[in-house]
Amino acid sequence: MPELPEVETVRRGLVAVLGKRAVIAQVILRRADLRAPIPPDLPRRLRGQPILGIRRRAKYLLWDTPAAILLCHLGMTGTWRVAAPGDDRDHDHCLLELTDGRRLVYRDPRRFGCLDLVSPGAETAHPRLRDLGPEPLAVDFTAAYLHAATRGRRAPIKTLIMDQAIVVGVGNIYAAEALFRAGIRPGAAAGRISLAACTRLVAAIRTVLEAAIAAGGSTISDFRQAGGDAGYFQHDFRVYGRAGQACVQCATILRESTLGGRTSVWCATCQRG
DNA sequence: CTTTGCACCTGTTGGC
DNA sequence: TGCCAACAGGTGCAAA
(Lines give C-alpha, C1' and ligand atoms only; values in the text may rest on other atoms or scores of the structure.)
Protein backbone atom coordinates (compact mmCIF):
# COMPACT_ATOMS: atom_id res chain seq x y z
CA MET A 1 0.00 0.00 0.00
CA PRO A 2 2.23 2.72 1.17
CA GLU A 3 4.80 4.85 -0.54
CA LEU A 4 5.84 8.24 0.77
CA PRO A 5 2.53 10.02 0.08
CA GLU A 6 0.50 7.33 1.82
CA VAL A 7 2.83 7.22 4.82
CA GLU A 8 2.76 11.00 5.06
CA THR A 9 -1.04 10.92 4.82
CA VAL A 10 -1.17 8.38 7.63
CA ARG A 11 1.20 10.50 9.70
CA ARG A 12 -0.85 13.65 9.28
CA GLY A 13 -4.04 11.79 10.04
CA LEU A 14 -2.61 10.30 13.22
CA VAL A 15 -1.24 13.64 14.39
CA ALA A 16 -4.63 15.27 13.85
CA VAL A 17 -6.46 12.46 15.62
CA LEU A 18 -4.09 12.30 18.57
CA GLY A 19 -4.02 15.97 19.46
CA LYS A 20 -1.55 17.37 21.96
CA ARG A 21 -1.99 15.30 25.04
CA ALA A 22 -2.21 11.68 23.99
CA VAL A 23 -0.67 9.33 26.54
CA ILE A 24 -0.12 5.62 26.08
CA ALA A 25 -1.77 3.71 28.91
CA GLN A 26 -0.86 0.27 27.67
CA VAL A 27 0.50 -1.54 24.66
CA ILE A 28 -0.72 -4.98 23.71
CA LEU A 29 1.19 -7.16 21.28
CA ARG A 30 -0.88 -9.88 19.67
CA ARG A 31 2.16 -11.55 18.14
CA ALA A 32 5.90 -11.52 18.69
CA ASP A 33 7.03 -10.84 15.15
CA LEU A 34 6.14 -9.39 11.79
CA ARG A 35 8.94 -10.02 9.29
CA ALA A 36 11.34 -9.33 12.11
CA PRO A 37 10.87 -9.92 15.83
CA ILE A 38 9.13 -7.13 17.73
CA PRO A 39 11.15 -6.17 20.83
CA PRO A 40 9.52 -8.06 23.70
CA ASP A 41 10.00 -5.08 26.01
CA LEU A 42 8.20 -2.72 23.62
CA PRO A 43 4.97 -2.65 25.66
CA ARG A 44 6.84 -2.01 28.89
CA ARG A 45 9.01 0.75 27.41
CA LEU A 46 6.06 2.64 25.93
CA ARG A 47 3.65 2.20 28.83
CA GLY A 48 2.74 5.54 30.40
CA GLN A 49 4.59 7.55 27.77
CA PRO A 50 3.11 10.72 26.28
CA ILE A 51 3.17 10.87 22.48
CA LEU A 52 5.16 13.99 21.71
CA GLY A 53 4.71 13.81 17.97
CA ILE A 54 5.01 11.59 14.94
CA ARG A 55 7.67 12.10 12.32
CA ARG A 56 8.24 10.45 8.98
CA ARG A 57 11.60 9.40 7.59
CA ALA A 58 11.44 7.66 4.23
CA LYS A 59 8.50 5.26 4.52
CA TYR A 60 8.92 4.92 8.28
CA LEU A 61 6.80 6.50 10.97
CA LEU A 62 8.62 7.55 14.15
CA TRP A 63 6.41 7.99 17.19
CA ASP A 64 8.30 10.19 19.64
CA THR A 65 7.97 9.61 23.35
CA PRO A 66 10.41 10.69 26.07
CA ALA A 67 11.59 7.16 26.76
CA ALA A 68 11.71 5.65 23.31
CA ILE A 69 10.81 6.12 19.67
CA LEU A 70 8.37 3.65 18.16
CA LEU A 71 9.61 2.90 14.65
CA CYS A 72 6.99 1.57 12.26
CA HIS A 73 7.02 0.57 8.61
CA LEU A 74 3.75 -0.29 6.90
CA GLY A 75 5.23 -2.80 4.45
CA MET A 76 2.68 -3.53 1.75
CA THR A 77 -0.46 -3.85 3.84
CA GLY A 78 0.17 -2.07 7.14
CA THR A 79 -2.48 0.32 8.49
CA TRP A 80 -3.10 2.32 11.64
CA ARG A 81 -6.66 3.02 12.67
CA VAL A 82 -8.56 4.32 15.65
CA ALA A 83 -10.63 1.28 16.51
CA ALA A 84 -14.10 1.68 17.94
CA PRO A 85 -14.94 -0.62 20.86
CA GLY A 86 -15.49 -4.09 19.52
CA ASP A 87 -13.77 -3.35 16.22
CA ASP A 88 -11.30 -6.21 16.36
CA ARG A 89 -10.03 -7.79 13.19
CA ASP A 90 -7.75 -10.52 11.99
CA HIS A 91 -4.16 -9.31 11.73
CA ASP A 92 -4.49 -6.63 14.41
CA HIS A 93 -0.93 -7.08 15.70
CA CYS A 94 -0.35 -4.17 18.05
CA LEU A 95 -2.78 -2.08 20.11
CA LEU A 96 -1.88 1.26 21.66
CA GLU A 97 -4.42 1.99 24.37
CA LEU A 98 -4.49 5.67 25.31
CA THR A 99 -5.36 7.03 28.74
CA ASP A 100 -8.49 8.62 27.26
CA GLY A 101 -9.74 5.17 26.29
CA ARG A 102 -9.07 5.32 22.58
CA ARG A 103 -7.30 2.46 20.88
CA LEU A 104 -4.85 2.84 18.01
CA VAL A 105 -4.42 -0.41 16.14
CA TYR A 106 -1.67 -1.54 13.81
CA ARG A 107 -2.99 -4.11 11.35
CA ASP A 108 -0.87 -5.80 8.70
CA PRO A 109 -2.17 -8.96 7.00
CA ARG A 110 1.00 -9.76 5.06
CA ARG A 111 3.28 -8.80 7.96
CA PHE A 112 5.86 -7.15 5.69
CA GLY A 113 5.90 -4.14 8.00
CA CYS A 114 7.95 -3.62 11.12
CA LEU A 115 7.64 -2.38 14.67
CA ASP A 116 10.80 -1.55 16.55
CA LEU A 117 12.16 0.76 19.21
CA VAL A 118 14.86 3.39 18.82
CA SER A 119 16.53 5.33 21.59
CA PRO A 120 15.88 9.07 21.28
CA GLY A 121 18.76 10.68 19.43
CA ALA A 122 19.98 7.37 18.02
CA GLU A 123 17.85 7.42 14.88
CA THR A 124 20.72 7.86 12.46
CA ALA A 125 22.53 4.84 13.90
CA HIS A 126 19.56 2.50 13.63
CA PRO A 127 20.23 -0.19 11.01
CA ARG A 128 16.94 0.46 9.25
CA LEU A 129 17.52 4.21 9.03
CA ARG A 130 21.28 4.40 8.76
CA ASP A 131 21.70 3.83 5.03
CA LEU A 132 18.75 5.81 3.73
CA GLY A 133 19.26 8.37 0.98
CA PRO A 134 17.90 11.91 0.93
CA GLU A 135 14.25 12.82 1.27
CA PRO A 136 12.89 13.55 -2.20
CA LEU A 137 11.14 16.72 -1.02
CA ALA A 138 14.23 18.09 0.74
CA VAL A 139 16.67 20.54 -0.80
CA ASP A 140 19.54 18.07 -0.91
CA PHE A 141 17.76 15.92 -3.49
CA THR A 142 19.00 17.67 -6.60
CA ALA A 143 19.67 16.78 -10.20
CA ALA A 144 23.40 17.03 -9.55
CA TYR A 145 23.05 14.57 -6.68
CA LEU A 146 20.99 12.09 -8.68
CA HIS A 147 23.33 12.38 -11.63
CA ALA A 148 26.36 11.67 -9.44
CA ALA A 149 24.61 8.86 -7.56
CA THR A 150 23.78 7.02 -10.76
CA ARG A 151 27.16 7.25 -12.51
CA GLY A 152 28.57 3.87 -13.32
CA ARG A 153 25.30 2.11 -12.54
CA ARG A 154 23.91 -0.19 -15.19
CA ALA A 155 20.68 -1.03 -13.39
CA PRO A 156 17.44 0.41 -14.79
CA ILE A 157 16.75 3.96 -13.66
CA LYS A 158 13.39 2.85 -12.27
CA THR A 159 15.07 0.29 -10.04
CA LEU A 160 17.49 2.91 -8.73
CA ILE A 161 14.90 5.56 -7.89
CA MET A 162 13.12 2.85 -5.91
CA ASP A 163 16.39 2.08 -4.10
CA GLN A 164 16.03 3.70 -0.68
CA ALA A 165 19.78 4.30 -0.52
CA ILE A 166 19.54 6.58 -3.58
CA VAL A 167 16.37 8.44 -2.67
CA VAL A 168 13.70 7.43 -0.18
CA GLY A 169 9.95 7.18 -0.40
CA VAL A 170 9.55 6.30 -4.07
CA GLY A 171 7.91 2.94 -4.72
CA ASN A 172 6.52 1.16 -7.73
CA ILE A 173 3.60 3.48 -8.40
CA TYR A 174 5.34 6.82 -8.07
CA ALA A 175 8.48 5.62 -9.85
CA ALA A 176 6.36 4.75 -12.88
CA GLU A 177 4.41 8.00 -12.69
CA ALA A 178 7.50 10.17 -12.24
CA LEU A 179 9.33 8.51 -15.14
CA PHE A 180 6.35 9.08 -17.40
CA ARG A 181 6.16 12.74 -16.45
CA ALA A 182 9.91 13.10 -17.00
CA GLY A 183 9.76 11.35 -20.38
CA ILE A 184 12.30 8.69 -19.39
CA ARG A 185 12.08 4.98 -20.16
CA PRO A 186 11.96 2.93 -16.95
CA GLY A 187 14.48 0.46 -18.34
CA ALA A 188 17.08 3.05 -19.33
CA ALA A 189 20.50 2.34 -17.82
CA ALA A 190 20.78 4.73 -14.88
CA GLY A 191 24.40 5.60 -15.59
CA ARG A 192 23.52 6.92 -19.03
CA ILE A 193 20.85 9.35 -17.86
CA SER A 194 21.92 12.88 -18.75
CA LEU A 195 22.04 15.72 -16.28
CA ALA A 196 19.15 17.32 -18.16
CA ALA A 197 17.12 14.14 -17.75
CA CYS A 198 18.04 14.03 -14.05
CA THR A 199 16.73 17.56 -13.76
CA ARG A 200 13.40 16.52 -15.28
CA LEU A 201 13.26 13.40 -13.14
CA VAL A 202 13.97 15.15 -9.85
CA ALA A 203 11.30 17.71 -10.69
CA ALA A 204 8.85 14.97 -11.69
CA ILE A 205 9.43 12.97 -8.51
CA ARG A 206 8.81 16.08 -6.42
CA THR A 207 5.74 17.08 -8.38
CA VAL A 208 4.11 13.69 -8.33
CA LEU A 209 4.79 13.09 -4.63
CA GLU A 210 3.51 16.53 -3.66
CA ALA A 211 0.40 16.11 -5.76
CA ALA A 212 -0.21 12.69 -4.24
CA ILE A 213 0.19 14.02 -0.71
CA ALA A 214 -2.24 16.82 -1.52
CA ALA A 215 -4.68 14.16 -2.77
CA GLY A 216 -4.39 12.14 0.44
CA GLY A 217 -2.41 9.37 -1.22
CA SER A 218 -3.63 6.70 -3.60
CA THR A 219 -6.30 4.24 -2.59
CA ILE A 220 -5.81 0.82 -4.12
CA SER A 221 -7.91 -1.86 -2.51
CA ASP A 222 -8.02 -0.73 1.09
CA PHE A 223 -5.68 2.18 1.80
CA ARG A 224 -7.47 4.72 3.96
CA GLN A 225 -6.53 7.96 5.60
CA ALA A 226 -6.73 7.85 9.39
CA GLY A 227 -10.19 9.38 9.25
CA GLY A 228 -11.35 6.57 6.99
CA ASP A 229 -11.44 8.64 3.79
CA ALA A 230 -9.98 7.23 0.62
CA GLY A 231 -7.08 8.99 -1.04
CA TYR A 232 -7.81 10.00 -4.59
CA PHE A 233 -4.49 10.26 -6.41
CA GLN A 234 -5.23 6.93 -8.11
CA HIS A 235 -7.47 8.90 -10.45
CA ASP A 236 -4.37 10.78 -11.63
CA PHE A 237 -2.35 7.70 -12.57
CA ARG A 238 -1.12 8.12 -16.14
CA VAL A 239 0.68 4.79 -16.55
CA TYR A 240 0.49 2.67 -13.38
CA GLY A 241 -2.09 -0.07 -13.87
CA ARG A 242 -2.83 1.11 -17.42
CA ALA A 243 -0.87 -1.39 -19.55
CA GLY A 244 -2.69 -2.03 -22.80
CA GLN A 245 -4.61 1.22 -22.57
CA ALA A 246 -3.97 4.37 -24.56
CA CYS A 247 -1.39 6.91 -23.41
CA VAL A 248 -3.15 10.00 -22.06
CA GLN A 249 -0.81 12.21 -24.06
CA CYS A 250 -0.39 10.48 -27.41
CA ALA A 251 -2.77 7.47 -27.45
CA THR A 252 0.04 4.97 -28.02
CA ILE A 253 -0.82 1.69 -26.30
CA LEU A 254 1.11 1.56 -23.03
CA ARG A 255 3.59 -1.28 -22.67
CA GLU A 256 4.37 -3.41 -19.65
CA SER A 257 7.49 -5.25 -18.59
CA THR A 258 9.22 -6.41 -15.44
CA LEU A 259 12.22 -4.59 -13.99
CA GLY A 260 13.84 -5.70 -10.78
CA GLY A 261 10.91 -8.00 -10.21
CA ARG A 262 8.37 -5.18 -10.37
CA THR A 263 5.76 -4.53 -13.02
CA SER A 264 6.54 -1.43 -15.03
CA VAL A 265 4.28 0.39 -17.47
CA TRP A 266 5.41 3.04 -19.90
CA CYS A 267 4.71 4.82 -23.16
CA ALA A 268 7.25 4.04 -25.87
CA THR A 269 6.43 7.32 -27.60
CA CYS A 270 6.45 9.78 -24.70
CA GLN A 271 9.28 8.11 -22.79
CA ARG A 272 12.34 8.12 -25.00
CA GLY A 273 14.88 9.64 -22.62
C1' DC B 1 30.93 -3.32 -5.03
C1' DT B 2 26.68 -4.09 -8.19
C1' DT B 3 23.02 -6.76 -9.96
C1' DT B 4 19.53 -10.18 -9.93
C1' DG B 5 16.20 -13.18 -8.17
C1' DC B 6 13.64 -14.78 -4.69
C1' DA B 7 11.72 -15.22 -0.03
C1' DC B 8 8.80 -13.38 3.27
C1' DC B 9 3.00 -13.48 3.95
C1' DT B 10 -2.13 -13.12 3.09
C1' DG B 11 -5.83 -11.64 0.25
C1' DT B 12 -7.83 -10.63 -4.13
C1' DT B 13 -8.51 -11.20 -8.90
C1' DG B 14 -8.89 -13.29 -13.28
C1' DG B 15 -8.78 -17.16 -16.36
C1' DC B 16 -10.41 -21.58 -17.31
C1' DT C 1 -20.04 -21.38 -9.37
C1' DG C 2 -15.40 -23.20 -8.21
C1' DC C 3 -10.59 -23.78 -8.29
C1' DC C 4 -5.99 -22.35 -8.72
C1' DA C 5 -2.37 -19.58 -10.44
C1' DA C 6 -0.74 -15.14 -10.64
C1' DC C 7 -0.24 -10.95 -8.67
C1' DA C 8 -0.13 -6.94 -5.17
C1' DG C 9 1.82 -0.40 -2.63
C1' DG C 10 8.30 -3.28 0.15
C1' DT C 11 12.38 -4.86 1.82
C1' DG C 12 16.34 -7.98 2.88
C1' DC C 13 19.34 -11.47 1.75
C1' DA C 14 22.00 -14.82 -0.93
C1' DA C 15 24.32 -15.82 -4.89
C1' DA C 16 26.56 -14.69 -9.14
Side-chain angles (χ1 to χ4, degrees), chain A residues 1-11 30-38 56-61 71-80 89-93 106-116 126-133 136 148-179 186-192 205 208-209 212-213 215-225 230-237 239-244 256-265:
Chain A
M1 165 213 309
E3 301 181 35
L4 186 151
E6 290 74 35
V7 178
E8 179 62 21
T9 297
V10 168
R11 188 193 71 79
R30 290 271 169 78
R31 58 176 303 132
D33 55 76
L34 299 171
R35 271 196 78 186
I38 300 169
R56 180 191 57 73
R57 170 73 174 115
K59 299 174 192 171
Y60 290 91
L61 293 169
L71 180 68
C72 174
H73 195 291
L74 302 176
M76 292 276 251
T77 54
T79 57
W80 281 98
R89 308 189 206 172
D90 281 349
H91 315 296
D92 284 351
H93 305 311
Y106 178 73
R107 178 171 188 270
D108 184 4
R110 290 178 75 178
R111 303 202 301 274
F112 287 177
C114 91
L115 291 170
D116 201 354
H126 191 281
R128 306 191 72 120
L129 304 177
R130 192 179 49 203
D131 301 322
L132 294 173
T150 51
R151 289 315 88 183
R153 303 291 298 266
R154 282 187 287 185
I157 185 62
K158 174 163 175 281
T159 302
L160 284 203
I161 61 174
M162 292 171 65
D163 180 343
Q164 305 297 294
I166 300 281
V167 60
V168 302
V170 179
N172 202 35
I173 292 177
Y174 298 107
E177 294 298 315
L179 286 163
R192 299 220 192 133
I205 288 171
V208 76
L209 293 179
I213 291 169
S218 302
T219 292
I220 300 178
S221 82
D222 59 358
F223 171 73
R224 287 293 182 278
Q225 304 179 40
Y232 50 90
F233 192 76
Q234 67 278 9
H235 304 302
D236 289 341
F237 290 168
V239 288
Y240 180 83
R242 298 194 66 243
E256 180 176 82
S257 64
T258 301
L259 296 170
R262 311 303 296 277
T263 298
S264 305
V265 184

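The analysis underlying the following values was restricted to heavy atoms, covering all of them including side chains, and did not include hydrogens, waters or symmetry mates. A quick note: this is a predicted structure, and the numbers were derived from the prediction, not measured.
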Practice task
Give a yes or no on this: more than 12 heavy atoms of other residues, nucleotides or ligands lie within 6.0 Å of atom CZ of A:Arg192.
Solution key: no

Can you tabulate the close N/O pairs, meaning under 3.5 Å, that link protein atoms to atoms of nucleotides 3-5 of chain B?
{"unit_1": "B:dT3", "atom_1": "OP1", "unit_2": "A:Arg154", "atom_2": "N", "d": "2.4"}
{"unit_1": "B:dT3", "atom_1": "OP1", "unit_2": "A:Ala155", "atom_2": "N", "d": "3.0"}
{"unit_1": "B:dT3", "atom_1": "OP2", "unit_2": "A:Arg153", "atom_2": "NE", "d": "2.5"}
{"unit_1": "B:dT3", "atom_1": "OP2", "unit_2": "A:Arg153", "atom_2": "NH2", "d": "2.7"}

Problem - Shortest non-hydrogen separation from A:His93 to A:Asp108 and the atoms involved - result: NE2-O, 2.8 Å

Problem - Contact under 4.0 Å: A:Arg110 side-chain N or O vs C:dT11 OP1/OP2 - result: no

Practice task
Measure across A:Asn172 and A:Glu3 and return the closest heavy-atom pair with its distance rounded to 0.1 Å.
Solution key: N-OE2, 3.3 Å

Problem - Between P of C:dA8 and CE of A:Met162, the distance in whole Å - result: 11 Å

Practice task
Take atom CE of A:Met76 and atom C1' of C:dG9, then tell me their distance rounded to the nearest Å.
Solution key: 6 Å

Fill in the blank from the handout: Closest non-hydrogen contact found for A:Pro186 with A:Leu179 is CA-CD1, 3.7 Å

Handout entry: Nearest listed nucleotide, side chain of A:Phe112, among B:dT10, C:dA8, B:dC9
Key = B:dC9

Handout entry: Heavy-atom check, side chain of A:Leu74 versus side chain of A:Trp80, under 4.5 Å
Key = yes

Handout entry: Gap between atoms CZ and P, on A:Arg262 and B:dC6 respectively (whole Å)
Key = 15 Å

Under 3.5 Å between N/O atoms: give me all the protein pairs with nucleotides 12-16 of chain C, atom names plus distance.
{"unit_1": "C:dG12", "atom_1": "OP1", "unit_2": "A:Arg128", "atom_2": "NH2", "d": "3.2"}

Handout entry: Proximity to the side chain of A:Thr263 - top-ranked nucleotide from B:dC9, C:dA8, C:dT11
Key = C:dA8

Practice task
Using a cut-off of strictly less than 4.0 Å, decide whether A:Gln164 has a side-chain nitrogen or oxygen near OP1 or OP2 of C:dG10.
Solution key: no

Handout entry: Smallest separation among heavy atoms of A:Gly113 and A:Tyr106, with atom names
Key = CA-OH, 3.6 Å

Practice task
Locate the shortest heavy-atom distance separating A:Asp33 from A:Arg111; write the atom from each residue and the value.
Solution key: O-CD, 4.2 Å

Handout entry: Close side-chain approach of A:Leu209 and A:Glu8, heavy atoms under 4.5 Å
Key = no

Handout entry: P-based separation of C:dG9 from B:dG14 [nearest Å]
Key = 15 Å

Practice task
Identify whether any heavy atom of A:Tyr174 sits under 4.0 Å from a base atom; if not, whether one sits that close to sugar-phosphate; answer base, sugar-phosphate or nothing.
Solution key: nothing

Exercise for the section: Check whether any side-chain N or O of A:His91 sits under 4.0 Å from OP1 or OP2 of B:dT10, and answer yes or no. Expected result: no

Practice task
Nearest whole angstrom, please: distance from the P of B:dT10 to the CZ of A:Arg31.
Solution key: 8 Å

Problem - A:Ile166 side chain reached by A:Arg153 side chain, heavy atoms, under 4.5 Å - result: yes

Exercise for the section: Determine the Euclidean distance between corresponding P atoms of C:dA6 and B:dC6; express it in Å to zero decimal places. Expected result: 13 Å

Exercise for the section: Round to a whole Å and report the spacing from CG of A:Leu61 to C1' of C:dG10. Expected result: 14 Å

Exercise for the section: Take the protein atom CG of A:Leu34 and the nucleotide atom P of B:dT10, then report the distance between them rounded to whole Å. Expected result: 12 Å

Practice task
Can you tell me the distance, in whole Å, between the NZ atom of A:Lys59 and the C1' atom of C:dT11?
Solution key: 9 Å

Fill in the blank from the handout: Applying the Watson-Crick and G-U criteria (both distances under 3.5 angstrom) with [ ] for crossing and | for other-strand pairs, one obtains for DNA chain C .|||||||.|||||||

Handout entry: A:Tyr174 and A:Glu6, any side-chain heavy atoms less than 4.5 Å apart
Key = yes

Problem - Sub-4.5 Å side-chain heavy-atom contact between A:Leu4 and A:Arg56 - result: yes

Problem - Whole-Å gap separating C1' (C:dG9) and CD (A:Glu8) - result: 17 Å

Problem - Nearest atoms (heavy-atom pairs only) where A:Ala178 meets A:Ile205 - result: CB-CG1, 3.7 Å

